[in-house]
Amino acid sequence: MTKDLAGVTARCSAPDGDPAAVLAERAKDATMLVVGSHGKGKVRAALAGSVSSACLRHATCPVAVIPPPARTPDSPLGRRLAEVARETA
């Protein structure tokens with residue numbers, strides 16, 4: 001599914017495969033890759049792996065990692081993300 005909002009094209013899909021590898025591959029022609037972070041901390045991320053960290057290392061475009069507080073439903077970004085999700089559903 002693709003949605004163009006004010007010059008920004010958002011694509012939603014659920015492909016199979018390693019999340020970080022799939023995101024890095026799909027973002028190779030992107031202007032920017034935006035991913036969220038669970039905020040589990042450095043030690044836990046090192047042990048469990050981290051999709052956002054892998055994207056930062058392997059993506060060929062700039063990567064923006066959005067921390068958990070910015071994604072809360074009551075934040076401006078959270079409200080906008082919910083609005084985009086409703087529009088693309």
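Since the structure is predicted, the reported quantities are computational estimates derived from the model, not experimental observations. Side chains are part of it too, since the values below use all heavy atoms of this structure and drop only hydrogens, waters and symmetry mates.
- The two residues M32 and A64 have their closest heavy-atom pair at SD-CB, 3.9 Å.
- Grouping the Ile, Leu, Val, Met, Phe, Trp and Tyr side chains by contacts below 4.5 angstrom, directly or via other members, places V22 apart from L33.
- Nearest heavy atom pair, residue A30 against residue C61, reads O-CB, 3.3 Å.
- The pair E83-R80 counts as a salt bridge, with a side-chain nitrogen and a carboxylate oxygen less than 4.0 angstrom apart.
- Each of V35, V63, I66 was evaluated against S52; a single residue qualifies, V35, per the side-chain contact (heavy atoms from CB on, under 4.5 Å) test.
- Annotation for A54 and A20: closest pair CB-CB, 3.4 Å, computed over non-hydrogen atoms.
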